[in-house]
Amino acid sequence: MACFLVTAAEALVVTAVEKAEEKKELENAGNMEGAEEVSSIPLSRKLKWLTYMLWGGAVLLMFEHIWHGEVVPWFPFLSAMNDPADTAEMLHEMATVGVCMALLTTGIWAIVCRVADIIVKRPVQQQNVL
Amino acid sequence: MTLLITVFAAVTATVAWYRRKNDDMRLGILCFMYWGASIMWFVDAVFEFIELKDAYFTPAVEDMLNDAFLGLSVVALGLIIWLVRLLITDPRGSVRAALQKK
């Protein structure tokens, strides 16, 4: 009904954190000019991956809700808000489905980050040519 | 059906990203967008399965057709978002060059 709002809210927070982190990293890079190059992936880049996943998923899911008539172009924009019983059901769905979506997306992102770090740090292998 | 179509779009975008020669097309954004949507629809599908049990796997033809249409529309919307972003950020400078041409 409005599960995408949970991921959209998380996307908003992560975007703010990512911008702050990016600024901090740029400041640090300015202070460490001439120092040895860091070979790991910056946190701001990893956070950018999460924002793409969350925003992309939330927007496409919102489209699905428009398709099913659950999001409407007039106030209060969610058809479930017109009836208290539907509103309760919507909030329950946000607390269950929406939260699970946000948790799974973040969990998979964490795994992707871990794997990406391993790939970056492992030595370059020679290609086998048959 | 929507989940399946989005997963296929995510896999196709990821293969295209892996085979890319440079990052001019910003295919990574498309991959993350489709994978994000796929994860969210997967969760939705799990909750639907818990509610419907076996009936989840035997949808009515009309519902399946509607879901397929929705899935294709979602893929199209994802492509449009990616394309608009690509044209605005213009990493190759093609739009800028075209606009500056006299």
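Lettering follows sequence order; numbering is per chain, from 1.
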Student: Considering only heavy atoms, which portion of B/I81 lies under 4.5 Å from any heavy atom of chain A: side chain, backbone, both, or neither?
Tutor: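 Side chain of B/I81 only, per the 4.5 Å heavy-atom cut-off to chain A.
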
Student: With the 4.5 Å side-chain cut-off for hydrophobic clustering, are A/I66 and B/L72 part of the same group?
Tutor: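 Yes, A/I66 and B/L72 fall within the same hydrophobic cluster.
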
Student: If you measure from OG1 on B/T2 to CZ on A/F63, what distance do you get to the nearest 0.5 Å?
Tutor: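 Spacing of OG1 (B/T2) from CZ (A/F63) equals 10.5 Å.
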
Student: Quick one: name the residues clustered hydrophobically with B/I88, using the 4.5 Å side-chain heavy-atom rule over I, L, V, M, F, W, Y, and just say none if it's on its own.
Tutor: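 Besides B/I88, the cluster holds B/I80, B/V84.
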
Student: Against chain A, label B/F69 side chain, backbone, both or neither, depending on which of its atoms sit under 4.5 Å from a heavy atom there.
Tutor: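 Contact with chain A: backbone and side chain both.
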
Student: Under 4.5 Å, heavy atom to heavy atom, which residues of residues 51-60 of chain A contact chain B?
Tutor: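 Residues in range: A/Y52, A/M53, A/L54, A/G56, A/G57, A/A58, A/V59, A/L60.
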
Student: Does any backbone or side-chain atom of B/S38 lie under 4.5 Å from a heavy atom of chain A? Answer side chain, backbone, both or neither.
Tutor: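 Neither; nothing under 4.5 Å.
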
Student: When only pairs under 4.5 Å are counted, which of B/V74, B/L30, B/V75 shares the most heavy-atom pairs with chain A?
Tutor: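 Option with the greatest count: B/V74.
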
Student: Return the CG to NE2 distance between B/N66 and A/H68, rounded to the nearest 0.5 Å.
Tutor: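 Going from CG on B/N66 over to NE2 on A/H68, the span is 5.5 Å.
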
Student: With a 4.5 Å heavy-atom cut-off (strictly below), which parts of residues 100-110 of chain A touch chain B? List them by number.
Tutor: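 Near chain B, by residue number: A/C100, A/M101, A/L104, A/T105, A/I108.
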
Student: Do B/V11 and B/M33 belong to the same hydrophobic cluster, where Ile, Leu, Val, Met, Phe, Trp and Tyr are linked whenever their side-chain heavy atoms lie under 4.5 Å apart, directly or via other members?
Tutor: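 B/V11 and B/M33: one cluster.
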
Student: Measuring from A/W67:CH2 to B/D67:CG, what's the distance to the nearest 0.5 Å?
Tutor: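 Between A/W67 CH2 and B/D67 CG, I get 9.5 Å after rounding to 0.5 Å.
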
Student: Would you please go through residues 7-24 of chain A and name the residues with a non-hydrogen atom below 4.5 Å from one of chain B, in numerical order?
Tutor: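 Result: A/T7.
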
Student: Can A/V120 be reached from A/I111 by stepping across I, L, V, M, F, W or Y side chains whose heavy atoms are under 4.5 Å apart?
Tutor: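 A/I111 and A/V120: separate clusters.
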
Student: What is the distance from atom CG of A/L61 to atom CD1 of B/I39, rounded to the nearest 0.5 Å?
Tutor: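 If I round to the nearest 0.5 Å, the distance is 12.0 Å.
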
